[in-house]
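One structure below.
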Amino acid sequence: MIILQPLPYTYGALEPFISGKIMELHHAKHQQAYVDGVNAILQKEPSFVINSLENTIINLNTVPESIRTAIRNHGGGVINHTFFWNCMTPDQQKRRRIGHPLFETIDTCFGSFDGFKEQFSTAARTVFGSGWAWLCLNHQGALIIITTPNQDSPLSVSLTPLLGLDVWEHAYYLQYFNKRVDYITSWWDIVNWAGVIERYEMALSR
Ligand code: MN3
């Protein structure tokens with residue numbers, strides 16, 4: 001059995017950028033549904049044990065084929081959303097981009113911070129259907145932007161995600177309707193850069 005982890009802040013904490021109603025539904029209904037999905041698989045396949053859901057998603061290839069797609073979708077949904085909650089913060093201090101080598105690497109990889117923002121936003125805007133945009137660290141220590149469909153995680157392709165944006169319609173439709181671009185633009189204001197820096201340092205120290 002896995003359980004739904006609480007949000008690291010209250011449902012309304014990201015207003016006005018993301019409404020409390022969206023956050024409540026996104027966490028208590030959507031992420032809960034992924035948790036339920038994983039538990040349904042575990043119930044059906046008692047021989048399959050999950051010690052760490054993250055390791056399971058990293059080693060997706062070792063999951064029995066009969067349940068691999070279900071784990072990829074539901075397990076990915078659980079992992080991705082927990083990650084996503086931590087990519088945002090109500091704390092003004094954590095939203096600030098303080099001087100840090102991460103931002104020098106961003107400049108090196110994307111030309112400038114604005115260049116990065118532009119490329120990431122374009123990637124997020126152009127995801128067809130449901131999916132995610134990610135800033136990842138690859139094995140060469142370079143930062144790259146990728147998108148994944150559905151609930152696929154960069155972890156499954158040996159990348160370390162540093163920042164992720166959920167562009168499924170359920171993430172914004174109640175507030176932004178069909179205007180995904182407006183949601184993306186607002187989202188930049190609540191990014192938890194302190195968290196991105198923390199993940200970057202952790203990845204480099206491995
Ligand atoms: Mn979602």
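Here the structure is a predicted model, which is why all the values come from computation and not from measurement.
- Defined by atom type and a distance below 3.5 Å, a donor-acceptor pair is present between the side-chain atoms of H26 and H170.
- Between the side chains of N39 and Q43, not a single donor N or O lies within less than 3.5 Å of an accepting N or O.
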Kindly list each side-chain donor-acceptor pair under 3.5 angstrom involving residues 198-206, sequence neighbours excluded, with atom names and distances?
residue: R199; atom: NE; partner: L162; partner atom: O; Å: 2.9
residue: R199; atom: NH2; partner: L162; partner atom: O; Å: 3.0
residue: Y200; atom: OH; partner: T105; partner atom: OG1; Å: 2.9
residue: E201; atom: OE2; partner: H100; partner atom: NE2; Å: 2.7
residue: S205; atom: OG; partner: E201; partner atom: O; Å: 3.4
residue: S205; atom: OG; partner: M202; partner atom: O; Å: 2.8

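- Centroid-to-centroid, the aromatic rings of W187 and Y172 stay 6.0 Å apart or farther.
- Listed by chain and number, the residues in a salt bridge (charged side-chain N to carboxylate O under 4.0 Å, His left out) with R180 amount to none (sequence neighbours excluded).
- For the 3.5 Å distance criterion, the side chains of W134 and T148 qualify, holding a donor opposite an acceptor.
- For Y34 and Q151, the side-chain atoms include at least one donor-acceptor pair closer than 3.5 Å.
- With no hydrogens or angles considered, a side-chain donor-acceptor pair links T82 and Q31 at under 3.5 Å.
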Per-pair distances, 0.1 Å, donor-acceptor, side chain in residues 2-12, under 3.5 Å, sequence neighbours excluded:
residue: Y9; atom: OH; partner: W85; partner atom: O; Å: 2.7
residue: T10; atom: OG1; partner: A13; partner atom: N; Å: 3.4
residue: Y11; atom: OH; partner: H27; partner atom: ND1; Å: 2.9

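- Within the structure, the ring-ring contact (aromatic ring centres under 6.0 Å, His included) test picks out no pair touching residues 52-74 (sequence neighbours left out).
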Going by atom type alone, with no hydrogens or angles, which donor-acceptor pairs under 3.5 Å involve a side-chain atom of residues 120-129 and a protein atom two or more places apart or on another chain?
residue: S121; atom: OG; partner: K117; partner atom: O; Å: 2.8
residue: S121; atom: OG; partner: W188; partner atom: NE1; Å: 2.9
residue: T122; atom: OG1; partner: E118; partner atom: O; Å: 2.8
residue: T126; atom: OG1; partner: T122; partner atom: O; Å: 2.7
residue: T126; atom: OG1; partner: A123; partner atom: O; Å: 3.4

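- Residue R95 holds its CZ atom at 10.5 Å from CE of M88, rounded to the nearest 0.5 Å.
- Sorted by first and then second residue, the ring-ring contact (aromatic ring centres under 6.0 Å, His included) pairs involving residues 45-69 (not counting sequence neighbours) form an empty list.
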